[in-house]
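No hydrogens, no waters, no symmetry mates; every other heavy atom, side chains included, goes into these values.
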There are 2 protein chains.
Amino acid sequence: MVSAPLSAISKDGKERLRLWIRMLRASRTIEAELRERLRREFDTTLPRFDVLAALYRAPEGMLMSSLSRFLLVSNGNVTGIVDRLVSEGLVTRARRNGDRRTSMVKLTDSGKAQFEAVAAAHEGWIGELLGDVSDEDTRRLSGMLKSFRSNWEGRE
Amino acid sequence: MVSAPLSAISKDGKERLRLWIRMLRASRTIEAELRERLRREFDTTLPRFDVLAALYRAPEGMLMSSLSRFLLVSNGNVTGIVDRLVSEGLVTRARRNGDRRTSMVKLTDSGKAQFEAVAAAHEGWIGELLGDVSDEDTRRLSGMLKSFRSNWEGRE
DNA sequence: CCTTGAAATTTTAAGCTTGAAGTAATTCGG
DNA sequence: CCGAATTACTTCAAGCTTAAAATTTCAAGG
């Protein structure tokens, strides 16, 4: 069909708005379910889990600023979450000799062990919660979102 | 547990996990940008806007419980947000004669006017932020998310 | 050196969010 | 009727979140 409009930038605003609302509701629904299970089964929270996950990928540790940039949250936010993780013995925060303004945050052995346990359950939950999305749709959606994200990386 | 698990379908867990992470990052990125613009240009917040949007679709008003169910947030949460909207003169909260436990929340004229102004800008922003998603992908994604959502409606 | 500015982080105030406990009004079985 | 359960909502304590201000440290130019 030749629905191609004269202005290539037709861009159906209403349809995009609908997409955004559905996307937001879907992620809020999944997030709520994850939060509930993390609390009930592991007595932890999503933000804590997110920090542990970021640190797990970085055995050498991460700076506070890298952490907040990676997690898409504010600096001050990470300060509080890391404070709690330190007091739970899951991570350490060490001032660096090279630049004493910065501190390197690392998983402890206990933090690493706890993350591995939670992550295994988490992956299963996602599989369950997204179980109605076919493998094909999963790949297709994932591809669309990948390119979407990359268009925004520069802004953060 | 549920009925017998059908192992006929492979269900790639890793790929679903990747999809979830991308979906979460995409919605967080968009949400952050919306929050920033709402604050800068209209001196308001996303939760307040969400409440106004829900009420706008319901000229006769909404109960607190319908509001929290619709917005996928807790009861106590809505109480606080509506408190602020009332003090800003954007909504009213009236106890009902029929059932004195409930209260009907309605937009004021001022609230309606403010919502219309913000909503117009909001729709434009979404069009801009999702501008790199083609019309075809928009419809496809939207369709996938619609069916996804409906599989979860029962749980809320 | 020394000051000025920039960078990394923390602190602060305000608001959002939840789950649980509390209050008040309604409904319903006996 | 009446007491018990239910429903609608609010309050509460704790944690998450942000933007802005404050603090500490580093870097660079004079």
**Report entry** Per-nucleotide protein contact string for nucleotides 20-27 of chain D (B base, S sugar-phosphate only, - none; heavy atom under 4.0 Å)
**Finding:** S----BS-
Query raised in the report: Do any of residues 52-61 of chain B sit with a heavy atom less than 4.0 Å from DNA chain D, and if so which?
Result: none
Query raised in the report: Can you tell which of C:dT9, D:dT18, C:dG15 lies closest to the side chain of A:Thr102?
Result: C:dT9
Query raised in the report: Between A:Glu31 (CD) and C:dG19 (P), how many Å, whole number?
Result: 13 Å
**Report entry** Aromatic ring proximity, centroids under 6.0 angstrom, A:Phe49 and A:Phe42
**Finding:** no
Requested in this report: With heavy atoms under 4.0 Å as the rule, sort B:Arg28 into base, sugar-phosphate or nothing.
Outcome: nothing
Query raised in the report: Which whole-number value in Å describes the distance from B:Arg48 CZ to C:dA14 P?
Result: 13 Å
Query raised in the report: Just how far, in rounded Å, is P of D:dA8 from CG of B:Asn77?
Result: 18 Å
Query - Given DNA chain C, 5'-ward residue of the pair A:Ala32 and A:Leu63, judged by closest heavy atom - result: A:Leu63
Requested in this report: Could you check how far CG of A:Asp83 sits from P of D:dT17, rounded to whole Å?
Outcome: 14 Å
Query raised in the report: Counting only side-chain N and O atoms of B:Arg69, is one of them less than 4.0 Å from OP1 or OP2 of D:dC9?
Result: no
Query raised in the report: Which atom pair, heavy atoms only, marks the closest approach of A:Ser134 to A:Asp137?
Result: OG-N, 3.0 Å
Requested in this report: Measure across A:Asn75 and A:Ser65 and return the closest heavy-atom pair with its distance rounded to 0.1 Å.
Outcome: OD1-CA, 4.4 Å
Report task. State whether A:Arg28 and A:Glu31 are salt-bridged, where the test is any N-O pair (Lys NZ or Arg NE/NH1/NH2 against Asp/Glu carboxylate O) under 4.0 Å. Result -> no
Query raised in the report: What's the CG-C1' distance between A:Leu67 and C:dT10, to the nearest Å?
Result: 15 Å
Query raised in the report: Which sits closer to the 5' end of DNA chain C, A:Ser103 or A:Glu36, going by the nucleotide each is nearest to?
Result: A:Ser103
Requested in this report: Check whether the side chains of A:Arg18 and B:Ser142 place a donor and an acceptor atom closer than 3.5 Å, and report yes or no.
Outcome: no
**Report entry** Among C:dT17, D:dT17, C:dT10, the one nearest A:Pro47 by side-chain distance
**Finding:** D:dT17
Requested in this report: Check A:Leu71 against A:Asp50 and note the closest heavy-atom contact, atom names and distance.
Outcome: CD2-O, 3.7 Å
